[in-house]
Colleague: 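The structure under discussion is supplied below as structure tokens; questions concerning it will follow.
In listed order, ligands and their atoms are each counted from 1.
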Amino acid sequence: MTALLLRSGKLLDVETGEYAEGDLLCADGRIVETGTGLTAPEGARIVDLAGAAVLPGLIDAHVHVTAATADLGALPSWSPSYAAAHAGRIMGQMLDRGFTTVRDASGADFGLADAQAEGLIRGPRLAFCGKALSQTGGHGDSRPRGTRLHDGHQCCAGLGRIADGVDAVRAAARDELRKGAHHIKVMAGGGVASPTDRIDSTQYSMDELRAIVEEADAANRYVAAHAYTARSVSRALRAGIRSIEHGNLIDESNVPEFLEHDAFLVPTLVTYWALKTEGREFGLPEDSWRKVDDVLGAGLAALEAAHRGGVKIAYGSDLLGGMHRHQNEEFRIRCQVQQPLDVIRAATSTAADLLGMTGEIGTLRVGALADLVVVDGDPLADIAVLAGPEHLRHVVQGGHLVSGAER
Ligand SMILES: [Zn+2]
């Protein structure tokens with residue numbers, strides 16, 4: 001048995017927003033006991049927290065661990081081994097920012113997930129979807145308009161695969177599920193980092209969207225959809241899609257649809273701010289950079305409307321290339337319209353619900369996986385405690401100190 005005893009922390013219950021002062025004991029990868037004056041088992045490692053705050057390990061529900069450049073059109077021509085080496089670096093850095101689980105929103109495959117699970121690379125637990133399904137000319141079609149060929153071979157480092165028509169999208173969804181996809185990602189509307197589509201376009205017919213949902217549903221998985229506008233989000237929700245990614249241009253009319261379908265919203269506000277200020281430096285083509293303004297300003301109002309309406313909201317960042325380092329900045333941005341506890345829930349308990357891991361992660365309850373972060377200061381009073389790495393004292397994953405002091 002490997003045991004870790006954290007002494008004298010302030011343990012945050014993210015459901016109630018209350019701290020309990022006391023100790024937390026991890027053994028064999030799980031939280032086994034919390035309380036005051038706990039006895040350390042034989043051979044346990046003991047770390048004195050001296051009143052620091054303990055939170056569940058953070059969960060980012062929208063990342064691309066293979067997106068080592070913002071030039072997504074260049075990725076498919078990279079060597080898969082080179083892209084994997086970058087992904088290993090990016091995942092290790094996510095762990096160092098306190099993210100012990102991430103949901104990859106296209107690009108990562110079973111190889112990276114296995115490598116992390118076996119300890120070959122440091123990184124968050126990885127819920128992957130393989131390649132995103134895109135129609136021809138959709139957000140996952142990275143070809144410039146003068147190019148006809150698309151080689152979406154299995155190990156290519158691109159984020160998308162093209163499938164048109166009900167039969168083809170069924171086959172593509174089944175193929176990703178065959179490879180172990182945790183969810184299916186579909187491009188249901190226009191995007192920024194794609195060369196030929198318009199932000200305000202809807203993508204895929206309702207028949208195609210419904211077919212993809214049916215395939216995911218058959219495998220007891222769900223579908224996540226890239227969508228910005230009220231129209232594309234409404235179509236996706238009506239097709240049975242459970243997770244709406246970005247949603248910057250939604251309006252009040254979408255709120256009852258989210259509630260009716262018990263769907264989640266995963267805003268990714270930090271990436272637009274980062275793309276606008278640094279995108280070109282990290283490879284975002286000029287044409288894509290000009291599209292950022294279409295979604296940048298509206299995102300906060302969309303988040304506020306969704307929050308006010310009671311929509312389930314999870315944390316997302318969606319950063320690319322050298323901009324990954326801003327991953328925690330999303331906490332600060334959201335706190336312009338939400339309370340710190342709301343955003344902490346988005347990155348813990350609500351994200352766990354979205355990933356189908358309720359009670360396993362995103363909580364400090366006994367029996368959960370021992371994934372935690374220890375921070376100096378009170379993030380409920382000042383979200384800057386989570387928005388910058390300087391306050392992060394320890395990261396614990398599976399009951400081991402994996403980042404920070406005393407690792
Ligand atoms: Zn994304």
Side-chain angles (χ1 to χ4, degrees), residues 59-76 83 87 90-91 94 99 102-109 112 124 126-134 138-142 157-161 176 181-195 197 199 203 223-229 232-233 236 241-249 264-276 279 282-285 288-289 291-292 294-296 299 302-303 313-324 326-327 329-330 333 346 351 354-355:
I59 304 163
D60 189 333
H62 191 124
V63 302
H64 299 280
V65 300
T66 58
T69 171
D71 185 359
L72 301 182
L75 267 185
I90 289 168
M91 289 171 68
M94 288 177 170
F99 291 91
V102 296
R103 186 181 66 147
D104 193 273
S106 71
D109 69 355
L112 282 174
L126 186 63
F128 65 94
C129 64
K131 287 194 170 58
L133 276 54
S134 171
H139 181 49
D141 185 343
S142 60
L159 300 190
R161 60 188 288 169
E176 296 302 343
H182 161 271
H183 58 282
I184 295 293
K185 171 79 179 289
V186 57
M187 303 307 194
V192 172
S194 37
D197 61 353
I199 295 265
Q203 296 179 6
V223 180
H226 165 104
Y228 285 121
T229 63
S232 59
V233 167
I241 284 165
R242 179 163 174 264
S243 175
I244 299 295
E245 312 300 307
H246 320 302
N248 297 44
L249 303 171
F264 292 75
L265 175 66
V266 187
T268 61
L269 302 176
V270 64
T271 198
Y272 307 104
W273 167 79
L275 284 169
K276 193 67 199 177
F282 292 110
L284 186 73
S288 291
W289 182 77
K291 293 161 96 176
V292 174
D294 294 346
V295 291
L296 177 66
L303 172 62
I313 300 168
Y315 191 94
S317 59
D318 197 26
L319 292 158
L320 309 172
M323 293 170 280
H324 274 112
H326 301 302
Q327 190 174 17
E329 190 62 28
E330 182 80 11
I333 294 173
L354 171 58
L355 270 66

Colleague: Going by side-chain hydrogen bond (donor to acceptor under 3.5 Å, both in side chains), Ser243 matches just one of His62, Arg103, His183. Which one?
Modeller: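 For Ser243, the side-chain hydrogen bond (donor to acceptor under 3.5 Å, both in side chains) test succeeds with only one of His62, Arg103, His183, which is Arg103.
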Colleague: Which atom, counting only N, O or S, brings Asp318 closest to the Zn ion (ligand 1)?
Modeller: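 Among the N, O or S atoms of Asp318, the one closest to the Zn ion (ligand 1) is OD1.
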Colleague: Any N/O/S atom, backbone or side chain, of Glu245 lying under 2.8 Å from the Zn ion (ligand 1)?
Modeller: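 No, outside the cut-off.
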Colleague: Mind checking what makes side-chain contact (heavy atoms from CB on, under 4.5 Å) contact with Asp71, not counting sequence neighbours?
Modeller: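 Partners of Asp71 under the side-chain contact (heavy atoms from CB on, under 4.5 Å) test: Thr69, Ala74, Pro285.
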Colleague: In His62, what N, O or S atom is nearest to the Zn ion (ligand 1), if we give its atom name?
Modeller: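 Output for this pair reads NE2.
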Colleague: So His246 and Asp318, do their side chains get closer than 4.5 Å, heavy atoms only?
Modeller: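 They are in side-chain contact.
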Colleague: Using a 4.5 Å cut-off on heavy atoms from C-beta on, say whether the side chain of Ile313 contacts that of Leu303.
Modeller: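 Contact flag for Leu303/Ile313 side chains = yes.
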Colleague: Within the stated cut-off of 2.8 Å, is an N/O/S atom of His64 closer than that to the Zn ion (ligand 1)?
Modeller: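 Checking His64: at least one N, O or S atom is under 2.8 Å.
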